[in-house]
Colleague: 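Sharing a structure with you now.
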Amino acid sequence: MGYVRERLLHQLVQVDAACGFSRTDVDPVTAFDNLLGRTSTDASIPQQQEPSILALWDSLQSPIYQSASKDLGPADRATFEAEVDDDRNLPNVDEIRTQLKDVFRNLYQLDLDGMSHKTQLSTLSPIYPLAELALLSKAAAAIQAHLMQHLLTASTNLSPAISYWVEHEVSDLKSFYYFVQTLPSRGFHYAKFCWQFAKENTSSDIRPQFRLFYEKLTLGRPFSAAGRDRFKSPLKSLGLSLRAPPTIFELARREIALKRTKLEEAKQLQTACLGLLAAEGSINGWKGRISTADQRILEEDAENIRRNLIRSLKISLGIMDALQSPEADRKTLESATFAEKLHASATNFDSLSIPEIYTKTYDMSSRITTVDAHLNGVRQSYGPPSRAVRYWFPIVASTLITYQLGSSLAIRWNDLVNWANNVRDTARDFALEWVVKPLQQVYATVRHRESRLALLGSESLSSDLESLERMVLEFARDHGVKDAAALSELSKQVERGDLSIVLQTYEGELKSPLKNVISGDLVRSFLIQIQKTKVDLELAMSALDKLLRSNELNFAMLAVIPTLVVVAFLTRQLRSLLNETKGMRRRNTYDMIRNSLREIERVLNRCDRSGHPPLPFKDRGLLLCELHLLRRCVPMLPQEKNYRTMFVQDLRELEGRDSVYTIRQRLGVVRRIWRTYPFCRIEPL
């Protein structure tokens, strides 16, 4: 909930509490009696007045104000404290104007549209003064809330525009770029002037007047006659000039300085009006419960309410007059004493009757719709150029560059398509071969589906070993070994890898190799040794298989980890690139918070004098503008440690009235903000 809506909520709650609408222990009939002086069942009420009474009673309890003034329960208060600053839920001005028009017609049989304020109003007497003052107070508070919201938004939007011109004024490059940006409009206006001058003058008059062309070209449209006199040399009035004609850089800088000055003057006026409206424009007088027991006290309360309402209307209408006055008549309003003068003259409407207050409130509701247009007109006239003016040069340059690149790309289109296909295939193969398949292998290894690194089958070694054993036993039988015990011992030796009987025969056969190759056992013993070598090789391979099986998961992880590291690095870089915008936005928000806190502290230090003086209207308006910027930053604050709720509570203390918080107390709140929240502290470079 923003400052404007909180302020309106406080005023509406005061009015409802005084009338008895917000109290659960008050009978509606009693509230009706207190406001209208009679009950709906009273027989003394003429029948022709019943519609007017009902219209007034229904307007006092209208949903237009109930939506903005509903009480916050304990369960919802924390939610509202952390709510985003949003004042768009203010009562609708058109509905308020229609409601005032209907009530006035029913009560006084007159129409507010087109009605002169001087005719018949002074002779009219209020029919139900207390009820009408309550309705007018609610309507005036709602319309004033819209006026304050317009002022707050417009003043806040002027700060970036002023900063924009300050940056361009101190930089030669930006000043020149501003001249380039506005070159088409300058050329158009200069050509238009030349055309009008050529039509109005003969050819013989053009050459002597060429100096006028130059002055029009250089000074440009934003400089009026008064603006040119501002930069004119004092010696020029005597026909002497010691200065050379200004260059385009100087002229651009002068125009920038003029626009910055105009925006600063407009901001001073708007902040002074905002501070006056916030400090003295509230609808006071509705304090406590209205008592109808004593007629004298009731009349005093009603008179006090009427005077406060008149003062508030005077301030609001005076601000509207100042904001909607022509620029030529605004010089007297831009002085620092405008708000003080308006505040001093806020009691000139003391003689207004309640019917005349209707007309003032209705007039204010009609004019509030045009205030925003006048406020935006200042920024449109002297603010930064439009996007089309600022970016036409980059757009034209990028269009030409894009055209040239497009022509080059059209020639090499087939190469680009092939390159894109190669990149796509490479990325796909990398993902499949180095990411997906290794992960699938790791999954299969963990699930023990099969051995991926086995070099031999499970039955290969046993079959080769049995074959070697049979070959050795047959060789021994052929050489005279018939004993079963000897053959059994020989079988055990073969299992241990001992082929002594074969090697002894092989050694003897080598003595006559040629003979034994043909008729001996040389070839047979040689083949048995080859089988033995095969068995030894399979034993070594079996041991290697056991080693690989015991470390199969390690090998699979080693194969996939480098790829995962590369993918994780690329993913992290891409994520940081995508989050760079969000991080930059958050850093900009924190910079905005620190800058606003600095400006708030400067304003408070400037006003911190001896005693406890109230804030000047202009400084109070500046303070509210900076606090409005801080409320906009609340959604970007961290959600941990209840930072948002505490930050909004601190802002409310800074927004408080001078009677509640002194300047020293506000400075203490600013120091508490600096030391409490980590996002307010500047990170070391």
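One-based numbering along the sequence shown.
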Colleague: Are the side chain of Q270 and the backbone N or O of L151 linked by a donor-acceptor pair below 3.5 Å?
Modeller: no

Colleague: Taking only residues two or more places apart in sequence, or in another chain, which ones meet Y677 in a ring-ring contact (aromatic ring centres under 6.0 Å, His included)?
Modeller: Y643, F647, F679

Colleague: Within a reach of under 6.0 Å around CZ of R575, are more than 12 heavy atoms found that belong to other residues, nucleotides or ligands?
Modeller: no

Colleague: Atom CG of L468 and atom CD1 of I530: how far apart are they, to the nearest 0.5 Å?
Modeller: 12.0 Å

Colleague: When rounded to the nearest 0.5 angstrom, what is the spacing between CG in L604 and CZ in R664?
Modeller: 11.5 Å

Colleague: For side-chain contact (heavy atoms from CB on, under 4.5 Å), just list the numbers for Y3 and L654, CA-CA rounded to whole Å, side-chain angles, deciding distance to a tenth of an Å, and then say yes or no.
Modeller: CA-CA 11 Å; Y3 167 73; L654 292 174; over 6 Å; no

Colleague: Would you say that I593 contacts L597 through its side chain, given a criterion of any heavy-atom pair below 4.5 Å between the two side chains?
Modeller: yes

Colleague: Walk me through it: do E626 and R602 pass the test salt bridge (charged side-chain N to carboxylate O under 4.0 Å, His left out)?
Modeller: CA-CA 11 Å; E626 297 299 333; R602 289 181 67 248; over 6 Å; no

Colleague: Using every non-hydrogen atom in the two residues, find where K267 and S155 come nearest and quote the distance to one decimal.
Modeller: CE-O, 4.0 Å

Colleague: For R253 and E169, work out which heavy atoms get closest and say how close.
Modeller: NE-O, 3.3 Å

Colleague: Please report the shortest heavy-atom distance between N422 and T426, naming the atom on each side.
Modeller: O-OG1, 2.7 Å

Colleague: Mind listing the closest non-hydrogen atom pair of R586 and M636 along with its distance?
Modeller: NE-O, 3.8 Å

Colleague: Counting distance only, does the side-chain N/O of R260 pair as donor-acceptor with the main-chain N or O of V166 below 3.5 Å?
Modeller: no

Colleague: Could you tell me whether the side chains of Q404 and S408 share a donor-acceptor contact shorter than 3.5 Å?
Modeller: no

Colleague: Does the Q665 side chain pair with the main chain of T662, one donor and one acceptor, at a distance under 3.5 Å?
Modeller: yes

Colleague: Determine whether R379 and L158 make a side-chain contact, defined as any pair of heavy atoms from C-beta on separated by less than 4.5 Å.
Modeller: yes

Colleague: In sequence, state the C-alpha distance, the side-chain angles, and the governing distance for S175 and F179, and then conclude on side-chain contact (heavy atoms from CB on, under 4.5 Å).
Modeller: CA-CA 6 Å; S175 299; F179 178 80; over 6 Å; no

Colleague: Side chains of Q529 and L503, heavy atoms from C-beta outward: is any pair under 4.5 Å?
Modeller: yes

Colleague: Can you measure from CG (L405) to CG (L400) and round to the nearest 0.5 angstrom?
Modeller: 11.0 Å

Colleague: Closer than 3.5 angstrom, by distance alone: can the side chain of S398 be matched with the main-chain N or O of I395 as a donor-acceptor pair?
Modeller: yes

Colleague: Would you say the side chains of T676 and R672 form a donor-acceptor pair under 3.5 Å?
Modeller: no

Colleague: Would you say R620's side chain and A278's backbone share a donor-acceptor pair under 3.5 angstrom?
Modeller: no

Colleague: Is it the case that atom CH2 in W419 sees more than 12 heavy atoms from other parts of the structure closer than 6.0 Å?
Modeller: no

Colleague: So, taking the atom named SG in C680 and the one named CZ in R598, what distance separates them when rounded to the nearest 0.5 Å?
Modeller: 15.0 Å

Colleague: Would the number of heavy atoms belonging to other residues, nucleotides or ligands and lying under 6.0 Å from CZ of R606 be above 12?
Modeller: yes

Colleague: Considering only heavy atoms from C-beta outward, does the side chain of W674 approach that of V670 to under 4.5 Å?
Modeller: yes

Colleague: Closest heavy-atom contact between P438 and V560?
Modeller: CB-CG2, 3.6 Å

Colleague: Between R666 and L615, does the side-chain contact (heavy atoms from CB on, under 4.5 Å) criterion hold? Intermediate values first, please.
Modeller: CA-CA 11 Å; R666 288 190 173 97; L615 283 173; 4.0 Å; yes

Colleague: Would you indicate whether the side-chain heavy atoms of R254 and L251 approach each other to under 4.5 Å?
Modeller: yes

Colleague: Whether the side chain of R644 engages the backbone of L637 through a donor-acceptor N/O pair (distance < 3.5 Å, no angle test) should be reported.
Modeller: yes

Colleague: I'd like to check R428 versus D425 (side-chain heavy atoms, cut-off strictly below 4.5 Å). Are they in contact?
Modeller: yes

Colleague: Under 6.0 Å from the CD atom of E640, do we count more than 12 heavy atoms belonging to anything else shown?
Modeller: yes

Colleague: Test side-chain contact (heavy atoms from CB on, under 4.5 Å) on T563 and F430; report intermediate values, then the result.
Modeller: CA-CA 9 Å; T563 304; F430 174 80; 3.8 Å; yes

Colleague: Rounded to the nearest 0.5 Å, how far does CG of L624 lie from CZ of R7?
Modeller: 9.5 Å

Colleague: CG of L627 to CG of L622: how many Å apart, nearest 0.5 Å?
Modeller: 11.0 Å

Colleague: Under the salt bridge (charged side-chain N to carboxylate O under 4.0 Å, His left out) criterion, do E655 and R652 qualify, and how do the steps go?
Modeller: CA-CA 5 Å; E655 294 168 346; R652 286 175 177 171; 5.9 Å; no

Colleague: Determine whether D591 and R587 satisfy the following criterion, salt bridge (charged side-chain N to carboxylate O under 4.0 Å, His left out), listing intermediate values before the conclusion.
Modeller: CA-CA 6 Å; D591 291 339; R587 287 192 294 271; over 6 Å; no

Colleague: Under 4.5 Å between any side-chain heavy atoms of C625 and T271, yes or no?
Modeller: yes

Colleague: My understanding is that only one of Y164, F393, W165 makes a ring-ring contact (aromatic ring centres under 6.0 Å, His included) with Y178; could you say which?
Modeller: W165

Colleague: For residues L90 and Q149, report the shortest heavy-atom separation together with the two atoms involved.
Modeller: CD1-CB, 4.3 Å

Colleague: Does H146 use its side chain to pair, donor to acceptor, with the backbone of P91 at less than 3.5 Å?
Modeller: yes

Colleague: Counting only heavy atoms not in W392, do more than 12 fall under 6.0 Å of its CH2?
Modeller: yes

Colleague: Checking S576 side chain against Q573 main chain: does a donor-acceptor pair fall under 3.5 Å?
Modeller: yes

Colleague: Go through the steps to decide whether S163 and E167 satisfy the test side-chain hydrogen bond (donor to acceptor under 3.5 Å, both in side chains), and finish with yes or no.
Modeller: CA-CA 6 Å; S163 301; E167 293 177 359; over 6 Å; no

Colleague: Is a side-chain donor or acceptor of S171 paired with a backbone partner of H168 at a separation under 3.5 angstrom?
Modeller: no

Colleague: Strictly distance-based, threshold 3.5 Å: is any side-chain N or O of N605 a donor or acceptor partner for the main-chain N or O of E601?
Modeller: yes

Colleague: For a 4.5 angstrom cut-off between non-hydrogen side-chain atoms, does N92 reach I64?
Modeller: no

